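Here the structure comes first, spelled out in structure tokens, and everything after it is commentary.
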Amino acid sequence: MFTLNEGEIIDSFQQLLDDLTTLAYGSYLCELVDISMVEGESSRLLFKQLITVFYLLRNNVGDLETLLRAFEIKLLKLTGYGLNTDYCVKCRKKITNSNYLSFESYGGICPECKKSGGRQISFASFKALSYLSNLELEKVYRVKLSSEVKNEIEIILQELILQSYGKKTKSLEILKGL
Ligand SMILES: [Zn+2]
């Protein structure tokens, strides 16, 4: 911010403040971006994704939790922690699904390779992570996930965020505590 002398607000997303859920989600997104970047660093691509998710949030497009998960995946990718769901991270063989996610290498492990440095994941959740990582945010509203899958990928993404940035966010905890 120290290099900014003057600015004009194009859209303040004031409406997000009218609802407690969108307010908490909006704060959470800002907090996420804040912990994922170094002071003074800029990313035009990440900014574009953030604004897109704000518009979708304001217009209540689709399931908002799935939208948050999709944004978390994009954020990880744009800050150098993208998930590899197409190739086994150990033997580089092509995979279409996996039931083990390596936290060391940020990707799936095939049935032949030794499972280590990560955690078990259901095939449905792995597929969801893979699908969301290749999908534009504008199209996430079409995706319907079961509550089991949503819970599992939320836990996994929170663990990956903590591991990647070394920090936890507070906004969503506040919302859950209400
Ligand atoms: Zn393998």
Side-chain angles (χ1 to χ4, degrees), residues 19-37 46 49-50 52-54 56-57 60-90 95-111 113-137 139-178:
D19 179 275
L20 206 51
T21 310
T22 54
L23 169 64
Y25 283 4
S27 310
Y28 171 67
L29 293 167
C30 291
E31 221 187 328
L32 262 188
V33 171
D34 189 36
I35 64 163
S36 72
M37 294 179 81
L46 185 52
Q49 299 289 307
L50 182 66
T52 304
V53 80
F54 266 21
L56 296 167
L57 195 58
N60 239 302
V61 184
D63 178 59
L64 296 183
E65 281 178 47
T66 307
L67 183 64
L68 289 195
R69 302 293 86 78
F71 180 78
E72 289 164 354
I73 296 168
K74 300 270 180 260
L75 176 92
L76 285 166
K77 194 186 261 184
L78 288 168
T79 52
Y81 300 101
L83 289 174
N84 172 13
T85 53
D86 298 325
Y87 297 91
C88 168
V89 292
K90 294 218 164 157
I95 51 169
T96 50
N97 209 339
S98 176
N99 64 348
Y100 195 91
L101 188 75
S102 162
F103 275 45
E104 278 170 0
S105 312
Y106 289 80
I109 294 181
C110 79
C113 286
K114 195 172 171 283
K115 318 271 188 294
S116 64
R119 59 171 284 161
Q120 294 282 342
I121 177 172
S122 68
F123 284 114
S125 293
F126 188 87
K127 204 82 198 159
L129 285 177
S130 169
Y131 191 68
L132 288 176
S133 47
N134 296 312
L135 193 68
E136 289 166 41
L137 288 174
K139 293 181 182 158
V140 170
Y141 74 93
R142 299 180 191 164
V143 182
K144 300 257 180 297
L145 301 176
S146 70
S147 51
E148 289 80 21
V149 166
K150 276 201 276 185
N151 288 341
E152 191 175 15
I153 66 170
E154 180 179 1
I155 293 166
I156 287 172
L157 287 167
Q158 283 305 316
E159 284 175 17
L160 287 173
I161 286 166
L162 178 63
Q163 175 185 301
S164 308
Y165 310 127
K167 284 179 201 155
K168 254 187 151 164
T169 57
K170 296 176 198 85
S171 321
L172 283 190
E173 312 266 321
I174 294 169
L175 181 72
K176 281 176 183 161
L178 289 173

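It should be emphasised that the depicted structure is a prediction, and the values quoted were computed from it without experimental measurement.
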What distance separates [X] [atom1] from [Y] [atom2], expressed to the nearest 0.5 Å?
| X | Y | atom1 | atom2 | result |
| --- | --- | --- | --- | --- |
| Leu64 | Thr22 | CG | OG1 | 8.0 Å |
| Asp34 | Ser27 | CG | OG | 12.0 Å |
| Ser130 | Asn97 | OG | CG | 8.0 Å |
| Lys170 | Ile35 | NZ | CD1 | 9.0 Å |
| Phe103 | Gln163 | CZ | CD | 6.5 Å |

Where [X] and [Y] come nearest, the two heavy atoms and their spacing:
| X | Y | answer |
| --- | --- | --- |
| Val149 | Ala128 | CG1-CB, 3.7 Å |
| Leu67 | Leu137 | CD1-O, 4.2 Å |
| Thr96 | Lys127 | O-NZ, 2.9 Å |

### Summary
Sequence neighbours excluded, the answer for salt bridge (charged side-chain N to carboxylate O under 4.0 Å, His left out) partners of Glu72 is Arg69
### Results of salt bridge (charged side-chain N to carboxylate O under 4.0 Å, His left out) for Lys139 - residues two or more places apart only
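Partners of Lys139 by the salt bridge (charged side-chain N to carboxylate O under 4.0 Å, His left out) criterion, ordered by chain and then number, come out as Glu136.
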Using side-chain heavy atoms (C-beta onward) and a distance below 4.5 Å, is [X] in contact with [Y]?
| X | Y | result |
| --- | --- | --- |
| Leu157 | Leu129 | yes |
| Leu68 | Tyr25 | yes |
| Asp63 | Val143 | no |
| Thr52 | Phe71 | no |
| Asn84 | Tyr106 | no |
| Phe54 | Cys30 | yes |

### side-chain contact (heavy atoms from CB on, under 4.5 Å) assessment of Ile121 paired with Ile156
CA-CA 9 Å; Ile121 177 172; Ile156 287 172; 3.5 Å; yes
### Query
Is the Tyr81 ring parallel, tilted or perpendicular to the Tyr165 ring (thresholds 30°, 60°)?
perpendicular
### Query
Name the one of Asn99, Leu83, Thr85, Ile153 that satisfies side-chain contact (heavy atoms from CB on, under 4.5 Å) with Phe126?
Thr85
### Passing candidate, side-chain contact (heavy atoms from CB on, under 4.5 Å) with Ser36, options Leu76, Leu46, Ile161, Leu78
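Filter result, single survivor: Leu46.
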### Task
Evaluate the side-chain contact (heavy atoms from CB on, under 4.5 Å) criterion for residues Leu101 and Glu159: first the C-alpha distance (whole Å), next the side-chain angles of each, then the deciding distance (0.1 Å), finally the verdict.
CA-CA 12 Å; Leu101 188 75; Glu159 284 175 17; over 6 Å; no
Is a side-chain donor or acceptor of [X] paired with a backbone partner of [Y] at a separation under 3.5 angstrom?
| X | Y | value |
| --- | --- | --- |
| Tyr28 | Thr169 | no |
| Gln49 | Leu75 | no |
| Lys90 | Ile109 | no |
| Lys115 | Cys110 | yes |
| Lys144 | Arg142 | no |
| Ser105 | Ser102 | no |
| Lys74 | Leu135 | yes |

### Task
Verify the distance criterion only: is there a donor paired with an acceptor across the side chains of Ser122 and Glu152 at less than 3.5 Å?
yes
### Task
Name all residues meeting the ring-ring contact (aromatic ring centres under 6.0 Å, His included) criterion together with Tyr87; count only those two or more places apart in sequence or in a different chain, and write none if there are none.
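Scan of Tyr87 (ring-ring contact (aromatic ring centres under 6.0 Å, His included), adjacent residues dropped) gives none.
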